[in-house]
Protein chains: 2
Amino acid sequence: MASKATSIDIAYRAGVSQSTVSRALRNSPLVNPETRQRIQAIAKELNYKVDKNASNLRTQNSHTLALLICEDPTNDDSLINPFFLSMLGSITRATAQQGYDLLVSFQQLSSDWHADYEDSNKADGIILLGYGDYMDYEQKLLKLLEQDTHFVIWGAEHNNKSVLSVGCDNHQGGVSATEHLLSLGVSDIAFLGDASSHSPEFRDRYLGHVSAMKAKGIKADKRKQFDAINTEASGFDAANLLLDKGLSFDGIFAASDLIAIGAMRALHLRGVRVPDDVAIVGYDDIPVASFANPPLTTVKQNTRLAGEILVDSVLKLIRGQAVSPQLIQTELVVRRSCGESDPKA
Amino acid sequence: MASKATSIDIAYRAGVSQSTVSRALRNSPLVNPETRQRIQAIAKELNYKVDKNASNLRTQNSHTLALLICEDPTNDDSLINPFFLSMLGSITRATAQQGYDLLVSFQQLSSDWHADYEDSNKADGIILLGYGDYMDYEQKLLKLLEQDTHFVIWGAEHNNKSVLSVGCDNHQGGVSATEHLLSLGVSDIAFLGDASSHSPEFRDRYLGHVSAMKAKGIKADKRKQFDAINTEASGFDAANLLLDKGLSFDGIFAASDLIAIGAMRALHLRGVRVPDDVAIVGYDDIPVASFANPPLTTVKQNTRLAGEILVDSVLKLIRGQAVSPQLIQTELVVRRSCGESDPKA
DNA sequence: CTGAAAGCGCTTACAG
DNA sequence: CTGAAAGCGCTTACAG
């Protein structure tokens with residue numbers, strides 16, 4: 001293969017110095033317009049592209065962001081959390097819009113921490129997805145902080161104020177899900193999802209649920225909270241456990257859509273009808289939610305906006321601009337899993 | 001922030017030359033084991049990471065692959081083809097396993113062709129997903145070929161033998177879907193999906209369908225093929241069109257799961273029961289398929305294997321090893337959308 | 001407006 | 001086994 005053209009080749013053909021070629025190609029005002037045009041024409045003809053390794057080495061930045069997604073190790077390998085997938089899409093788009101490239105990496109909790117992208121100058125900053133569990137990641141985050149790495153983390157606000165987070169308002173989301181159920185006369189509500197500090201996002205949703213109940217003078221029954229991680233299988237198991245306990249309930253608030261869908265499968269198998277016998281609300285509004293049977297009412301996280309804010313935040317960090325944690329509002333998407341609702345309610 | 005440590009800093013502390021540091025860090029046998037250990041200890045202490053821009057510039061390769069996903073422009077922005085998402089996951093994994101990084105980019109058909117990753121030395125090779133429509137992409141592919149870019153394309157085998165493709169055997173998939181329906185006594189089958197040369201993958205599935213019918217002495221009825229692109233909405237529309245025509249049918253072979261799910265929604269709304277009145281088979285086995293109601297029988301594309309082969313193929317191309325187009329076998333996943341099947345059938 | 005020159009941080013032949 | 005030196009292909013002060 002013909003070896004790639006360099007700026008020197010172009011300089012030779014254009015009869016100018018290599019410095020001038022570099023300037024012309026970067027649209028420097030320091031170069032004669034005619035010369036610039038001639039150089040750019042030659043560059044195009046030779047299909048010349050600036051060598052990123054060389055220019056990045058010289059300028060000491062990469063115009064590249066890295067996205068690290070931590071997979072829940074209990075997930076089937078082929079089944080990545082659909083919510084993350086949707087985030088990935090929006091982050092990719094937002095990154096491209098800003099003229100940056102995106103390096104993507106899936107990590108297992110157990111595996112080596114690959115976050116040396118920035119140390120090795122392959123990326124100017126990092127976005128972390130799925131690193132919500134402080135207990136497990138605290139150490140790694142502190143290390144990043146220590147190294148002055150530019151990073152943003154998706155999720156709840158971090159105890160350590162130096163960690164920049166962007167996330168949806170999980171408490172508010174929990175409130176609106178529960179208020180919706182309550183408005184339909186459903187008040188004996190089970191919560192499916194881990195409510196411990198290991199899952200700060202789920203926990204905040206639970207807390208929102210509890211406070212919405214409290215606002216109506218109802219005390220949430222702790223026995224009706226069942227741990228579940230973000231998988232269909234886990235939701236299936238949790239619902240079965242709930243059923244086995246023989247506790248009464250006329251509504252379920254699932255901490256995620258996947259949990260809700262698993263729960264609906266369990267209910268269906270046990271002859272419990274949704275929404276006739278039990279109303280159910282999910283969380284995330286993943287694409288599957290609208291295809292569920294019945295279509296799932298859920299708390300939507302605006303992934304498009306989230307991606308934009310995440311990218312915008314790292315970029316600000318990189319440029320040394322002021323940044324603060326962002327909380328994105330959620331939106332209730334009403335479908336049929338809670339029965340016919342009065343639109344005026 | 002303390003500026004990053006370089007190999008010179010390490011050399012200084014270790015009392016050796018920078019060349020020796022470089023050798024030690026790359027585990028060159030040319031370096032005294034004790035010296036190596038000392039150097040590596042210092043590197044670790046300083047949290048030193050080799051500057052990729054510098055080493056890539058020097059070695060002229062990036063140890064990075066680029067993945068270009070072409071989105072169907074008709075799709076909702078937030079709703080990326082779930083099959084591609086699943087591929088993305090497996091490609092990411094396979095890439096990491098080979099010690100490469102992955103640059104991901106979503107492109108619109110209309111947008112500028114960003115494929116200069118390799119030209120700019122940001123990537124050593126490119127994987128193309130969603131560039132199946134020859135009519136639209138032919139020119140771009142030829143350009144890549146002309147520039148000696150290392151790339152693999154997902155999909156049907158290309159007319160141009162120089163284009164390396166990896167794909168599932170769509171014809172065989174079509175055959176097995178139809179054979180399954182036939183084995184259940186369903187033989188009046190409608191096909192939902194574009195069967196033109198614009199969708200070579202769908203077309204091959206259709207051709208497989210036709211030949212399976214023919215093998216049983218049945219001529220596929222052309223009037224019962226309805227165009228649809230790979231979206232739920234398009235499947236919904238196609239099924240309605242089919243219903244409107246008033247043609248008889250007791251089975252549907254949908255060219256994708258999304259189409260099948262849209263079709264099932266249309267059938268449900270019109271009071272047609274699945275599988276009682278109509279049996280339906282989809283294609284892809286996307287995660288949603290098992291959550292559909294009823295769970296969808298479908299032709300599974302092995303995305304994990306596909307990702308591995310795709311990555312393996314570009315890597316071979318990069319290394320100058322022999323490569324040839326690969327065809328991956330599909331697998332029928334029987335669920336309930338075709339009714340109870342006799343496992344011995 | 002242009003050119004000569006330094007230097008980004010590595011890797012690797014070359015000489016010892 | 002080790003060091004001095006060249007060079008990967010750029011960008012950008014510096015001098016004109």
Side-chain angles (χ1 to χ4, degrees), chain A residues 1-40 42-43 46-64 116-124, chain B residues 1-40 42-43 46-64 116-124:
Chain A
M1 99 169 122
S3 70
K4 247 159 236 169
T6 70
S7 55
I8 294 193
D9 299 329
I10 296 178
Y12 178 78
R13 301 213 186 195
V16 296
S17 73
Q18 184 267 333
S19 334
T20 302
V21 171
S22 179
R23 288 195 193 95
L25 262 18
R26 321 191 80 240
N27 285 316
S28 159
L30 290 176
V31 82
N32 182 303
E34 280 170 36
T35 316
R36 188 205 334 281
Q37 288 209 338
R38 188 156 42 92
I39 291 173
Q40 291 187 340
I42 295 173
L46 296 185
N47 194 44
Y48 169 80
K49 295 279 152 36
V50 170
D51 184 303
K52 291 288 182 189
N53 290 135
S55 69
N56 292 343
L57 173 60
R58 184 54 233 249
T59 60
Q60 294 292 70
N61 69 15
S62 62
H63 269 260
T64 301
D116 49 356
Y117 283 124
E118 186 172 340
D119 293 325
S120 62
N121 277 343
K122 283 209 79 163
D124 299 336
Chain B
M1 97 170 127
S3 68
K4 247 159 237 169
T6 70
S7 54
I8 293 194
D9 300 328
I10 297 177
Y12 179 77
R13 301 213 187 196
V16 295
S17 75
Q18 184 266 335
S19 333
T20 301
V21 171
S22 178
R23 287 195 194 95
L25 262 17
R26 319 191 82 238
N27 286 314
S28 158
L30 289 176
V31 82
N32 184 304
E34 281 169 35
T35 316
R36 187 205 335 278
Q37 288 209 339
R38 187 155 42 90
I39 291 172
Q40 290 187 339
I42 295 173
L46 296 185
N47 193 43
Y48 169 80
K49 294 279 151 38
V50 170
D51 184 304
K52 291 289 181 188
N53 289 135
S55 71
N56 291 344
L57 173 59
R58 183 56 232 248
T59 60
Q60 293 294 68
N61 69 15
S62 62
H63 270 258
T64 300
D116 48 357
Y117 283 124
E118 187 175 338
D119 293 324
S120 62
N121 277 342
K122 283 209 81 163
D124 299 336

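These numbers come from the heavy atoms of this one structure, side chains and all, not from hydrogens, waters or symmetry mates. Since the structure is predicted, the reported quantities are computational estimates derived from the model, not experimental observations.
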* Using only heavy-atom distances, determine whether the side chains of Asn61(A) and Asp124(A) contain a donor-acceptor pair under 3.5 Å. => no
* Would you tell me if any nitrogen or oxygen in the side chain of Gln60(B) comes within less than 4.0 Å of OP1 or OP2 on dT11(C)? => no
* Give the rounded distance in Å between these two atoms: CG of Leu57(A) and C1' of dT11(C). => 13 Å
* To do: Could you state the atom-to-atom distance from CZ of Arg26(B) to P of dC10(C) in whole Å?
  => 11 Å
* Let me know the distance between CZ of Arg58(A) and C1' of dA13(D), rounded to the nearest Å. => 8 Å
* To do: Mind calculating the distance between CG (Asn61(A)) and P (dT12(D)) to the nearest angstrom?
  => 10 Å
* Asked: Which nucleotide, in any strand shown, forms a Watson-Crick or G-U wobble pair with dA13(D), with both distances under 3.5 Å?
  -> none
* Nucleotide dT12(D), atom P - distance to CG of Asn27(A) in whole Å -> 13 Å
* **Value in whole Å for how far the C1' atom of dC10(D) lies from CG of Asn121(B)** => 12 Å
* **Span that lies between the C1' atom of dG16(C) and that of dT12(C), in whole angstrom** => 16 Å
* Structure fact -> d(Tyr48(B) OH, Leu25(B) CG) to nearest 0.5 Å is 6.0 Å
* Asked: For dC10(D), does OP1 or OP2 lie under 4.0 Å from any side-chain N or O of Ser7(A)?
  -> yes
* Asked: At under 4.0 Å between heavy atoms, what does Ser22(B) touch on the DNA or RNA strands: base, sugar-phosphate, or nothing?
  -> base
* Whole-Å gap separating C1' (dC10(D)) and NZ (Lys49(A)) -> 16 Å
What's touching nucleotides 1-4 of chain C from the protein side, N or O pairs under 3.5 Å?
unit_1 : atom_1 : unit_2   : atom_2 : d
dT2(C) : OP1    : Thr35(A) : OG1    : 3.1
dT2(C) : OP2    : Asn32(A) : N      : 3.0
dG3(C) : OP2    : Ser17(A) : N      : 3.0
dG3(C) : OP2    : Ser17(A) : OG     : 3.1
dG3(C) : OP2    : Thr20(A) : OG1    : 2.6
dG3(C) : N7     : Arg23(A) : NH1    : 3.4
dG3(C) : O6     : Arg23(A) : NH2    : 2.4
dA4(C) : N7     : Ser19(A) : OG     : 3.2
dA4(C) : N6     : Ser19(A) : OG     : 3.1

* Taking atom CZ of Arg38(A) as the centre, report whether more than 12 heavy atoms of other residues, nucleotides or ligands fall under 6.0 Å from it. => yes
* Structure fact -> In this structure, OG of Ser55(B) is separated from CG of Leu57(B) (nearest 0.5 Å) by 9.0 Å
* Any donor-acceptor pair under 3.5 Å linking the side chain of Arg36(B) with the backbone of Arg23(B)? -> no
* Asked: Without hydrogens or angle criteria, can the side chains of Asn53(B) and Gln60(A) be said to hold a donor-acceptor pair below 3.5 Å?
  -> no
* To do: Consider only side-chain N and O atoms of Ser62(A) and Lys52(B), and report whether a donor and an acceptor are under 3.5 Å apart.
  => no
* Just how far, in rounded Å, is P of dC10(C) from CD1 of Ile39(B)? -> 13 Å
